[in-house]
Q: 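Attaching a single structure in C-alpha cells format; questions to follow.
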Amino acid sequence: DTGVSQNPRHKITKRGQNVTFRCDPISEHNRLYWYRQTLGQGPEFLTYFQNEAQLEKSRLLSDRFSAERPKGSFSTLEIQRTEQGDSAMYLCASSSYHNEQFFGPGTRLTVL
Amino acid sequence: QKEVEQNSGPLSVPEGAIASLNCTYSDRGSQSFFWYRQYSGKSPELIMFIYSNGDKEDGRFTAQLNKASQYVSLLIRDSQPSDSATYLCAVREETSGSRLTFGEGTQLTVNP
C-alpha cells in the first residue's frame, strides 16, 4: 500500500498527558499537512511542511502543539498537557507541490 | 461569513437520481477547488478537483466552477446507495499558501 499511513489509529489518554502521532506520506510527495477534524465539521488546517521546512502554522496551533519532519519524510505531531478539547480526529495529508492532497486514515484522539 | 459554505443537509435522493451539492467561497482569488467524500468514521477521499471555469466530468461525477459567482458544485449522476456519505468542499485560497479551507460538509443519503 503506497498511500499515506498514520499511527496509532486510536489513542485514549488522560488529561494532562503528552501524546505523539506519526504520519508517513506518499513516498514521492514533498509536502505534508496536518489537519484536525471534530464531529460535524470539516477538517481544519494545523500546519504544513515542504520537505523538512515547516512553512505555515495555523493560529489554532497553540504552544502545546509541535510538529516536526526532521528528514523530510515522516512527520510527528506532539500534543503536550492534553485537554479534553483536544479530542478530535487528527488527519495527515500529502501532496507534490501545489497538487492534490491525499489523506491518511487519521488518528482518533480521546482525552478523558 | 464563513470562508467556505456548503448547502446544509442532509440531502436525500432516490437511487438513480442526480444529486446536486453546492459550495460558495469568499476569497475571490481562490484558484483550486476540491471535492472530498467522507464515509462515517473514515478519512476524506479526494473524488474531484477543478481549477478552471466550466465543467469537469469524471465518470458519474461532474464538477462545475463559476469563479465570477464564487460558486462550485458537484453533480452525481445515477446516484447509488454506496454514494451515501458526507461530501466536503475544499478551497485553496490565493493567500493561503498550500493549505485547504473546508466547508462543513453536506451529508448525502441515497435511498434504494
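Throughout, protein chains are lettered first and strands after them, A, B, ... in sequence-line order, and every chain is numbered starting at 1. No hydrogens, no waters, no symmetry mates; every other heavy atom, side chains included, goes into these values.
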Q: Could you check whether any side-chain heavy atom of P43(A) comes within less than 4.5 Å of a side-chain heavy atom of L88(B), counting everything from C-beta outward?
A: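 Heavy-atom side-chain distance check passes, below 4.5 Å.
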Q: Checking E44(A) against chain B: side chain, backbone, both or neither under 4.5 Å from a heavy atom?
A: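 Contact with chain B involves no heavy atom of E44(A) at all.
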Q: Heavy-atom count around K67(B) NZ within 6.0 Å, excluding the residue itself: above 12?
A: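 Buried by this count: over 12 neighbours within 6.0 Å.
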Q: Using atom types as modelled and distance alone, determine if a side-chain donor or acceptor of Y35(A) lies under 3.5 Å from a backbone N or O of L100(B).
A: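 Checking the backbone N and O of L100(B) against the side chain of Y35(A), a donor-acceptor pair under 3.5 Å is found.
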Q: Determine whether more than 12 heavy atoms belonging to other residues, nucleotides or ligands lie under 6.0 Å from atom CD of Q41(A).
A: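 Yes, because the 6.0 Å sphere around CD of Q41(A) holds more than 12 heavy atoms from other groups.
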Q: Around K56(B), counting heavy atoms of other residues, nucleotides and ligands shown, do more than 12 lie under 6.0 Å from its NZ?
A: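 Yes.
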Q: Of all heavy-atom pairs between L91(A) and P44(B), which one has the smallest distance, and what is that distance?
A: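 So the two residues come closest at CD1-CD, 3.9 Å.
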Q: I'd like to know whether CZ of R64(A) has more than 12 heavy-atom contacts from other residues, nucleotides or ligands below 6.0 angstrom.
A: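 Count over threshold, so yes.
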Q: Got a sec, which residues hit side chain to side chain contact (heavy atoms under 4.5 Å, CB included) with D55(B), two or more places apart in sequence or on another chain?
A: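 Testing D55(B) for side chain to side chain contact (heavy atoms under 4.5 Å, CB included), a comparison that skips the adjacent residues, returns T62(B), Q64(B).
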Q: Using modelled atom types and a 3.5 Å cut-off, is there a donor and acceptor pairing between side-chain atoms of S43(B) and backbone atoms of G106(A)?
A: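 Answer holds: no.
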Q: Other residues, nucleotides and ligands only: do more than 12 of their heavy atoms fall within 6.0 Å of CG on L112(A)?
A: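 It does: L112(A) CG has more than 12 such atoms within range.
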Q: Could you state the interatomic distance from OG (S98(B)) to CZ (F45(A)), rounded to the nearest 0.5 Å?
A: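 With rounding to 0.5 Å, OG (S98(B)) is 8.5 Å from CZ (F45(A)).
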Q: Does the gap between the ring centers of F103(A) and Y36(B) come in under 6.0 Å?
A: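 That pair passes the under 6.0 Å test.
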Q: Where on Q38(B) is there a heavy atom nearer than 4.5 Å to chain A: the side chain, the backbone, both, or neither?
A: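 Just its side chain gets close to chain A.
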Q: Calculate, to the nearest 0.5 Å, the distance between atoms NZ and CE belonging to K42(B) and M89(A) respectively.
A: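 Going from NZ on K42(B) over to CE on M89(A), the span is 9.0 Å.
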Q: Tell me, yes or no, whether the heavy-atom count around I12(A) atom CD1, taken from other residues, nucleotides or ligands under 6.0 Å, exceeds 12.
A: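 Incorrect, the count does not exceed 12.
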